[in-house]
J.: 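This is the structure I have questions about; it appears just below.
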Amino acid sequence: MSVQKPSIPKGTRDFTPAEMVRRNYIFNTVRAVFEIFGYLPIETPAMENLSTLMGKYGEEGDKLLFKILNSGNYLEGIPDIGYQMTDDSNSGSGIRHQTSEIGALTRHISEKGLRYDLTVPFARFVVQHQSELVFPFKRYQIQPVWRADRPQKGRYREFFQCDVDVIGSPSLLYELELIQIIDEVFSRLGIETTTLINNRKILAGIAEAIGAPEKMTDITVAIDKIDKIGLENVCLELKERGLSDTAISSLQPVLLMEGKINQKTDLLGDLLKNSETGMKGIEELKHLCRLLKDLDLRNKWTFDVRLARGLNYYTGTIIEVKANEVSMGSICGGGRYDDLTGIFGLPGVSGVGISFGADRIYDVMNELNRFPDTIQHTTKVLFANFGAEEESFALKLLSIIRLEGIPSEIYPESSKLKKQLEYASRKQIPFVALIGKDEMGSGMVTVKDMNSGEQSQVSREEFIRRLKNS
RNA sequence: GUGGUCGUAGCUCAGCUGGUUAGAGCGUCAGAUUGUGGCUCUGAAGGCCGUGGGUUCGAGCCCCAUCUUCCACCCCA
């Protein structure tokens, strides 16, 4: 039998201890901030029923769901409608026929999927547990999610999201709170960020105002690209998406909008004066900006009409955070969703939340070298092993040291000292305790400082004190 | 889903227009040095050249497929 080379699925990663220490630093920081703002943790299963997940993330999102094959004889009971690939892929109708067959087959053989984000499972959770919860319900959730995307820079198929949401209140105070959380998290992590803020109602209003309310998604997707492809190409794309020339030209002032937030909102107010939704959006945005101005946030924030956000459950404020010093997709994003629980039978409940992308934050911090050195905690002291007698003597002291809360270990066999010291050196253990016959007699401990190479004989008390102070 | 890209020792890579037995550095292990790590020296182990087909007298090298890596688009954390 030949050995097979081990591997892990595309877009997934193993994490070494060195990486985990850094990842935990991010998780701990995020968690600590969430908790001082009064949020409590929940967890939900890795898998959800597909009926819970499907249709919540738009057409694209549905395609990116990892589906789980039913257990047992999953082919049982499939109606005989012929799931063979027909070879008429050059005819348009043939392709449609095939995809609908695949869809039908999928529904038969798969009823569960891996979660795509934490927001939709959260909405499901709220509906199921509504009788036990106190509203507004504030929770945080740090768990992995899975997307069948093509991996690339900052994009994985398995990654951790750190979500904070509050559900059961339409108050803009919560939008404010979330932006404060963003500011606090990134200040603590030492990343300079810019928080982009927009409002779906404004986008809807714009679509309405230029006479194409049903084209809101097309419009937002196109104008989001203006920095990337330029004004002319954006106009071209809008035309391809079926917008009239008059509609496109009336969009121009919005696209080219510059200046202070007030100037932008004034201009938009003029354009959207006949759209009730649009005016509501502007009102919300102005209110939020007024609240934000009174706080001294350390990181930048700004209003950006071009911010779109694809997840189609958002209905109000939308937020996205970018790192200023590196090129990376957004490292945090979210917004308000007015009726996510409605689909699950609990209508009229507004929620707002954001999600920190732990893996991208990790990549950003790594690139910028922002991890403090102090987080590398490892064993503090290694007890050298000189043989059976010395070993049992050392084990007793080791127990005492551990009771003092000092991470410590003993070398497993009485190998050459050279080897034992090499082990300590490679593991970056700062101290080695040498207890041989002499030390056993005198009751002292020989401590070697691995950084300086110096060693000295000290009493047990002094030994413990030194380890604690280092 | 679309387009490109990478894959040779544990790691980073070299390997000429296809030609004997596939190399280097680092790392690993052993020794020089039996209670003292990092430096140095000596030696050793380690490879179905991502996988499967094909072309050829002959393939690490050419062709096809497939998987994987990285990147861009789409979309997103």
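Note that the structure is a prediction, hence the values are computed from the model and not measured. Sequence lines set the chain letters: A, B, ... in the order given, protein chains first and strands last, and positions in each chain run from 1.
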J.: Give one of base, sugar-phosphate or nothing for A:Leu434, where a contact means two heavy atoms less than 4.0 Å apart.
T.: base
J.: Sticking with atom C1', work out how far B:rC48 lies from B:rC39, rounded to a whole angstrom.
T.: 39 Å
J.: The side chain of A:Lys153 lies closest to which of these nucleotides: B:rG3, B:rG35, B:rC71?
T.: B:rC71
J.: Heavy atoms only, 4.0 Å cut-off, all strands: where does A:Phe160 land among base, sugar-phosphate and nothing?
T.: nothing
J.: Between A:Lys448 and B:rG35, is there a contact of a side-chain N or O with OP1 or OP2 at under 4.0 Å?
T.: no
J.: Output the rounded distance in Å from CZ (A:Arg115) to C1' (B:rA77).
T.: 14 Å
J.: Test A:Asp359 against every option in A:Arg155, A:Arg22, A:Lys153, A:Arg23 by the salt bridge (charged side-chain N to carboxylate O under 4.0 Å, His left out) rule and name the one that passes.
T.: A:Arg23
J.: Picking from B:rA77, B:rG3, B:rG37, which would you name as closest to the side chain of A:Met450?
T.: B:rG37
J.: When you compare B:rU12 with B:rU2, how far apart are their P atoms, in angstrom units rounded to a whole number?
T.: 30 Å
J.: For the pair A:Tyr116 and A:Tyr57, name the ring-plane relationship: parallel under 30°, tilted 30 to 60°, perpendicular over 60°.
T.: tilted
J.: Is the aromatic ring of A:Phe159 within stacking range of B:rA77, meaning centres under 5.5 angstrom and planes under 30 degrees?
T.: yes
J.: With nearest nucleotides of RNA chain B determined for A:Glu60 and A:Gln455 from heavy-atom distances, which residue corresponds to the more 5′ nucleotide?
T.: A:Gln455
J.: Contact class for A:Gly329 (heavy atom, under 4.0 Å): base, sugar-phosphate, or nothing?
T.: nothing
J.: Select base, sugar-phosphate, or nothing to describe what A:Gly453 touches, counting heavy atoms under 4.0 Å on all strands.
T.: base
J.: Select base, sugar-phosphate, or nothing to describe what A:Val432 touches, counting heavy atoms under 4.0 Å on all strands.
T.: nothing
J.: Which word best sums up how the rings of A:Phe186 and A:Phe356 line up, parallel for under 30°, tilted for 30 to 60°, or perpendicular for over 60°?
T.: tilted
J.: Just to be sure I understand the rule, does A:Glu158 reach a base, reach only the sugar-phosphate, or reach nothing, if contact means heavy atoms closer than 4.0 Å?
T.: nothing
J.: Given the P atoms of B:rA30 and B:rG46, what is the spacing between them in whole Å?
T.: 16 Å
J.: Would you say CE of A:Met47 has more than 12 non-hydrogen atoms from neighbouring residues, nucleotides or ligands within 6.0 angstrom?
T.: no
J.: If only side-chain N and O atoms of A:Lys225 are considered, is one of them under 4.0 Å from the OP1 or OP2 phosphate oxygen of B:rC74?
T.: yes
J.: Quickly work out the A:Tyr156 OH to B:rC76 C1' distance and round it to whole Å.
T.: 14 Å
J.: Is any side-chain nitrogen or oxygen of A:Arg155 closer than 4.0 Å to OP1 or OP2 of B:rU69?
T.: no
J.: With a 3.5 Å limit on both atom pairs, tell me what B:rU12 is paired to, counting Watson-Crick and G-U wobble, or say none.
T.: B:rA24
J.: So for A:Arg150 and B:rC71, does any side-chain atom that can act as donor or acceptor lie under 3.5 Å from a complementary atom in the base?
T.: no
J.: Establish, with yes or no, whether the OP1 or OP2 oxygen of B:rG31 is under 4.0 angstrom from a side-chain nitrogen or oxygen of A:Lys416.
T.: yes
J.: Using whole Å, what does the distance between atom C1' of nucleotide B:rA77 and atom CG of A:Leu64 come to?
T.: 13 Å
J.: Any chance you could measure A:Ile182, atom CD1, to A:Ile354, atom CD1, to the nearest 0.5 Å?
T.: 4.0 Å
J.: Is A:Cys162 touching bases, backbone alone, or none of the nucleic acid, heavy atoms closer than 4.0 Å?
T.: nothing
J.: Checking A:Thr446 against A:Gln455: is there a side-chain donor and acceptor pair closer than 3.5 Å?
T.: no
J.: Considering only atom C1', compute the distance from B:rU21 to B:rC67 and round it to an integer number of Å.
T.: 31 Å
J.: Please give the distance between the C1' atoms of B:rG47 and B:rU28 as a whole number of Å.
T.: 16 Å
J.: For A:Gln152 and B:rA72, is the shortest distance between a side-chain N/O and OP1 or OP2 below 4.0 Å?
T.: yes
J.: Return the value, rounded to whole Å, for the distance between atom CG of A:Leu196 and atom P of B:rA77.
T.: 13 Å
J.: Base, sugar-phosphate, or nothing for A:Gly154, non-hydrogen atoms under 4.0 angstrom?
T.: base
J.: Expressed as a whole number of Å, how far does the C1' atom of B:rC70 sit from that of B:rG54?
T.: 28 Å
J.: Among the candidates B:rU36, B:rC76, B:rU69, find the nucleotide nearest to the side-chain atoms of A:Arg147.
T.: B:rC76
J.: Determine whether A:Arg306 and A:Lys225 satisfy the following criterion, side-chain contact (heavy atoms from CB on, under 4.5 Å), listing intermediate values before the conclusion.
T.: CA-CA 8 Å; A:Arg306 289 164 305 183; A:Lys225 294 183 189 163; over 6 Å; no
J.: Provide the Watson-Crick or G-U wobble partner of B:rU40, both distances under 3.5 Å; none if there is no partner.
T.: B:rA32
J.: For A:Lys418 and A:Thr12, take the nucleotide of RNA chain B holding the closest heavy atom to each; which residue's nucleotide lies nearer the 5' end?
T.: A:Lys418
J.: What integer number of Å spans the P atoms of B:rG60 and B:rG19?
T.: 10 Å
J.: Give a yes-or-no answer on whether the side chains of A:Tyr337 and A:Asp165 include a donor-acceptor pair shorter than 3.5 Å.
T.: yes
J.: Please determine, for the side chain of A:Gln161, which listed nucleotide (B:rA77, B:rG37, B:rG1) has the closest atom?
T.: B:rA77
J.: Expressed in whole Å, how much space separates the C1' atoms belonging to B:rC74 and B:rG4?
T.: 15 Å
J.: Base, sugar-phosphate or nothing for A:Gly11? Non-hydrogen atoms, less than 4.0 Å.
T.: sugar-phosphate
